[in-house]
Amino acid sequence: MQASLSLSLSLPPAAPRSDPAPTVFRPSALRFCGLRREALGLRPLRPAGSTWVFPSPARTPSRKTVAAVSGNGSPSKGFDYDLVIIGAGVGGHGAALHAVEKGLKTAIIEGDIVGGTCVNRGCVPSKALLAVSGRMRELQNEHHLKALGLQVSSPGYDRQGVADHANNLASKIRNNLTNSLKALGVDILTGVGTIAGTQKVKYGKVGFPDTEITAKDIIIATGSVPFVPNGIEVDGKTVFTSDHALKLEWVPEWIAIVGSGYIGLEFSDVYSALGSEVTFVEALDQLMPGFDPEIGKLAQRVLINPRKIDYHTGVFAKKITPAKDGKPVLIELIDAKTKEPKDTLEVDAALIATGRAPFTKGLGLENINIVTQRGFVPVNERMQVIDASGNLIPHLYCIGDANGKMMLAHAASAQGISVVEQIGGRDNVLNHLSIPAACFTHPEISMVGMTEPQAREKAQQEGFEVSVAKTSFKANTKALAENEGEGLAKLIYRPDTGEILGVHILGMHAADLIHEASNAIALGTRVQDIKFAVHAHPTLSEVLDELFKSAKVNTGVSPSSVNEPVTV
Amino acid sequence: MAGVGQLHLGTPFLPSASIRGRSSGGGGSRRLTTRIQAKIREIFMPALSSTMTEGKIVSWVRAEGDKLSKGESVVVVESDKADMDVETFYDGYLAAIMVEEGDVAAVGSAIALLAETEDEIPLAKSQASSSSSPAASPRAAETPVPPSPSETAPEAVSSPPPSPKSSQAAVSSTHPASESGRRIVATPYAKKLAKDLKVELGSVAGSGPMGRIVAKDVEAAAAVAAAAAPVSSVPPKSISDSAAVKAPASPAIQLGTVVPFTTMQGAVSKNMVESLSVPTFRVGYTITTDALDSLYKKIKSKGVTMTALLAKATALALTKHPVVNSSCRDGKSFTYNSSINIAVAVAIDGGLITPVLQDADKVDIYSLSRKWKELVDKARAKQLQPHEYNNGTFTLSNLGMFGVDRFDAILPPGTGAIMAVGASQPSVVATKDGRIGVKSQMQVNVTADHRVIYGADLAAFLQTLAKIIEDPKELTL
């Protein structure tokens with residue numbers, strides 16, 4: 001905290017972000033998926049004597065919604081709204097908040113419930129389950145407890161209690177989100193939204209979009225749904241997706257998890273802590289294919305091998321039949337390359353975590369000549385939608401999972417803010433390489449920027465050198481005090497310029513640690529500069545301090561000009 | 001693998017600030033041990049951590065024919081903990097690689113040959129190809145499988161009739177959906193355990209849903225193998241405790257030799273003779289264990305052992321019969337002992353020892369189980385302190401896990417009573433309502449010092465004990 005504050009004060013553009021601005025109301029409610037703080041920080045102070053009334057922040061969980069008379073601006077001439085957003089997930093919410101701040105009259109259309117996947121069926125409830133699994137893991141680890149001198153006898157859990165915690169958290173965050181939209185005066189229009197034509201949207205019940213409104217600009221933010229490959233029969237009881245799993249209706253003794261990405265890995269953490277045995281089914285040759293290979297390997301050592309987990313790699317689940325008539329769940333595996341039958345698994349349950357598919361059907365995209373690619377809405381780097389003939393469609397944008405650029409809640413929100421900036425006449429291109437990602441296992445995994453192979457490939461194409469630095473949690477005082485010395489931080493950088501290309505962390509609180517690196521990438525801070533930032537001792541952040549200090553850069557401190565960030 | 005490569009590209013890997021020692025295990029490299037064989041040395045799989053039993057060759061840093069000098073990295077080995085560079089201890093030429101990249105070798109087995117001079121390379125090569133010794137086999141971990149239950153069980157039929165459970169264990173798995181036994185269905189943890197305990201899954205019968213093999217089946221199979229080996233008898237019954245099972249394994253006894261007593265045997269001998277001066281008598285009792293068995297099943301996962309349950313039950317019964325917990329040393333008076341310390345006999349390598357569960361009536365069952373585990377571990381390691389095996393006030397001896405249904409114990413001098421516990425076995429019994437049913441029953445037999453403890457005392461004590469075991473809710477309070 002100290003370090004980032006002093007840094008940002010020296011960089012004028014960043015200063016308002018960390019300005020504590022005590023008079024600005026900062027609803028605690030809005031910190032979900034780790035993204036909202038900065039957007040709120042940017043909101044200008046209300047003039048004195050405004051009609052805004054906020055109760056004291058944070059402590060009142062269900063605060064009364066407040067008369068927000070003039071929060072939402074008045075629309076441009078000839079339009080019902082300046083901005084209509086289809087989908088009130090995290091992306092839509094982020095865009096709406098920023099739009100109101102910029103004085104745009106904004107409406108948001110939601111056909112289901114406010115909060116979208118992240119809040120209701122994704123990041124938020126899963127964090128509640130992972131909070132439980134983390135504690136269970138600690139309490140069950142006799143060796144660890146003994147080393148700390150603790151004695152705990154027979155830890156147990158109440159499944160319904162755990163499930164309620166997840167559900168309560170989701171509804172709390174959902175209410176907070178809804179209230180924040182209402183407080184700002186954003187019109188929440190209930191129904192399914194359809195594009196009716198240029199700058200025209202219809203909404204209403206499914207199949208009967210009877211109300212038509214006009215808007216100067218439209219953002220599609222309809223998100224995604226769990227992807228279920230052909231041949232897999234989901235019954236919601238023994239074969240299910242993350243949507244059902246988050247309700248934790250039961251804890252199977254043996255569960256197969258199809259897909260070993262973030263979702264699968266997090267659920268393996270939850271289920272194995274609650275006593276299940278887990279079998280991974282992964283189509284690629286390696287588990288955790290999306291991660292930096294070195295991190296993936298360490299993750300396998302820490303998160304898979306010592307636990308009651310086994311795996312089949314290089315295989316597809318060709319057919320999955322739910323349990324019925326006393327038979328277990330049957331999973332037919334075929335070789336991913338030769339397609340020959342390989343094995344049949346018989347398990348109590350199967351969780352399908354093979355990724356997510358965009359939710360763009362019924363949007364009326366055909367009305368304006370858009371052809372989706374595997375369901376994704378094609379966009380350029382400014383999130384402007386591209387039609388079938390390759391032309392930009394004016395006044396239409398698509399953000400979040402629906403465009404498939406980076407399927408993360410906070411990425412959707414950042415894209416939404418970027419779009420609102422453009423609508424307001426300030427060109428803005430989001431640097432996706434500065435968007436961090438995290439997997440909330442125990443210990444956590446986080447990353448930003450490129451993996452080592454990606455960086456090396458780029459280096460070869462563009463003819464620059466790549467260096468790697470690493471530090472271990474084993475030598476961090478705070479980590480050792482917690483007796484959690486397992487972990488690695490890895491920095492991929494250019495030794496000639498000191499540019500940070502990627503940072504990957506596996507270790508305690510990795511998800512919270514990554515932001516120093518992602519902010520550095522976003523602001524173009526070089527290794528040779530950030531290494532002078534001071535970190536409080538003893539904290540886990542010193543792992544990154546060590547990391548930056550161990551990098552060998554061939555130039556001195558960079559001149560104050562900051563290079564243009566790279567975009568993807 | 002790409003990551004490993006990095007270590008050689010001069011990447012700074014910091015074991016970091018406070019502990020900068022190379023020994024922190026982060027990236028420090030280890031020296032290879034080599035054994036001299038003429039002038040050709042074998043390079044062995046090193047033990048990179050205390051728990052490492054085998055290592056995987058991640059990559060050979062040097063190729064066959066390369067000249068090596070002392071201290072140079074030769075190979076990257078993956079242990080259970082980390083990837084490490086391993087360096088050579090001698091100068092020479094890497095003559096032959098015996099374990100290829102990606103293959104696994106047991107700790108201590110040869111993975112390559114190092115020739116001292118270039119001329120010896122061909123010789124080393126031929127040596128490598130001829131002596132592709134079992135130790136160097138890439139799948140070393142899988143080769144040494146101890147006699148599986150299916151092999152040993154038939155030979156063991158001479159002694160007591162196998163219980164239903166054990167006969168089942170001998171039959172190979174017939175999983176309904178496993179294509180008549182050709183395919184093995186085992187849970188992930190069962191597979192891991194099988195590998196660790198060297199149990200062959202093909203010979204284990206599954207007791208899980210649809211006959212799948214679960215962890216406890218593997219544990220049971222391993223216990224059978226362990227028990228069957230030395231005693232050639234049939235497996236644990238439900239009242240068994242693997243902690244106490246380890247019967248003295250007798251490695252290659254030379255027949256016809258005279259062997260002096262070890263210290264422990266001497267002490268036992270002295271005690272046994274001394275016991276003859278105490279007038280003892282015995283009272284037996286049959287106790288139904290169905291309730292105890294189901295309680296055990298329920299709390300076993302929390303680390304509770306049968307030994308701890310029996311000790312707890314005995315201690316609780318003793319609180320109501322303090323005379324059975326008393327001791328007479330001089331023949332003129334006796335002491336009502338202030339605490340109830342249950343000594344439990346454990347067979348260890350080369351003898352017998354009685355670790356003591358102190359205040360077994362007061363300590364809760366979970367702590368008692370943990371304490372028991374700790375004591376057994378110490379006993380095995382021969383690290384028990386005198387106060388941990390000396391101050392028992394009542395002794396338990398359990399041979400149930402060998403299928404023994406009843407036996408008789410000698411009273412250790414200085415204590416009032418000892419209880420011999422037999423196996424719990426399903427028995428056909430007439431119930432009170434005149435029906436015939438099957439219940440699990442075990443026989444206990446108490447030997448006591450008749451100078452202070454009389455028949456009625458023991459009878460009353462056993463009645464209380466039976467009540468506690470047959471309705472064991474008190475045990476978990």
Side-chain angles (χ1 to χ4, degrees), chain A residues 142 151 153-156 253-254 272 275-280 292-298 301 305-311 326-328 330 343-348 451-453 456 467-477 480 485 488 490 537-538 542-543 545-547 549-552, chain B residues 1-7 9-21 24-27 58 78-83 175-179 183 185-193 195 206 208-212 214-215 299 301-304 364-370 373-374 476:
Chain A
E142 268 179 49
Q151 283 178 0
S153 58
S154 57
E253 281 177 29
W254 185 5
S272 59
S276 304
E277 295 181 35
V278 175
T279 296
F280 271 118
D292 182 88
E294 196 170 1
I295 295 288
K297 199 168 180 186
L298 182 62
R301 255 187 212 133
N305 294 351
R307 299 184 180 173
K308 295 175 182 177
I309 301 176
D310 69 350
Y311 49 87
K327 281 193 191 147
L330 286 178
D343 207 344
T344 303
L345 303 179
E346 299 168 22
V347 291
D348 298 323
T451 63
E452 191 179 331
R456 293 209 180 274
S467 285
V468 173
K470 291 178 228 174
T471 49
S472 157
F473 278 64
K474 261 194 197 92
N476 180 277
T477 311
L480 289 178
L488 173 78
K490 177 174 176 178
H537 176 76
E542 290 171 288
V543 171
D545 189 25
E546 283 286 323
L547 188 65
K549 287 193 162 87
S550 68
K552 304 268 182 292
Chain B
M1 261 199 213
V4 177
Q6 274 320 297
L7 287 172
L9 297 174
T11 327
F13 183 102
L14 277 202
S16 133
S18 41
I19 308 173
R20 265 181 208 276
S24 67
V58 175
E78 177 185 333
S79 74
D80 52 342
K81 297 261 165 28
D83 288 351
H175 187 279
S178 63
E179 294 152 31
R183 217 159 53 77
V185 179
T187 70
Y189 188 44
K191 283 185 200 156
K192 275 188 187 176
L193 271 180
K195 196 177 174 235
M210 309 296 298
R212 78 166 68 124
V214 295
I299 56 179
S301 61
K302 296 172 184 170
V304 173
D364 72 84
I365 186 68
Y366 305 105
S367 312
L368 204 62
S369 301
R370 273 199 300 277
K373 190 173 174 297
E374 186 191 320
T476 50

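Predicted model, so just to flag it, every value in this text is computed and none were measured. Below, chain A is the first sequence line, B the second, and so on; all start at residue 1.
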Toward chain B, the part of A/D343 with a non-hydrogen atom under 4.5 Å | side chain
Taking the side chain as every heavy atom from C-beta outward, state whether B/R370 and A/S153 have any pair of such atoms under 4.5 Å apart.
-> yes
Rounded to the nearest 0.5 Å, what separation is found between the CD atom of A/E253 and the CZ atom of B/R212?
-> 6.5 Å
Turns out that what part of A/V543 lies under 4.5 Å from chain B's heavy atoms comes down to neither
Can you tell me how far the NZ atom of B/K191 sits from the OG1 atom of A/T279, to the nearest 0.5 Å?
-> 6.0 Å
Closest non-hydrogen atom pair between A/G326 and B/M210, with its separation = O-SD, 3.1 Å
A/Q151, A/K327, A/R307: which one forms the most heavy-atom pairs within less than 4.5 Å of chain B?
-> A/R307
State, to 0.1 Å, how close B/K192 and A/N305 come at their nearest heavy-atom pair, and which atoms those are.
-> NZ-O, 2.6 Å
Flag yes if more than 12 heavy atoms outside B/E374 fall under 6.0 Å of its CD atom; otherwise flag no.
-> yes
Side chain to side chain, B/P188 and A/W254, heavy atoms closer than 4.5 Å | yes
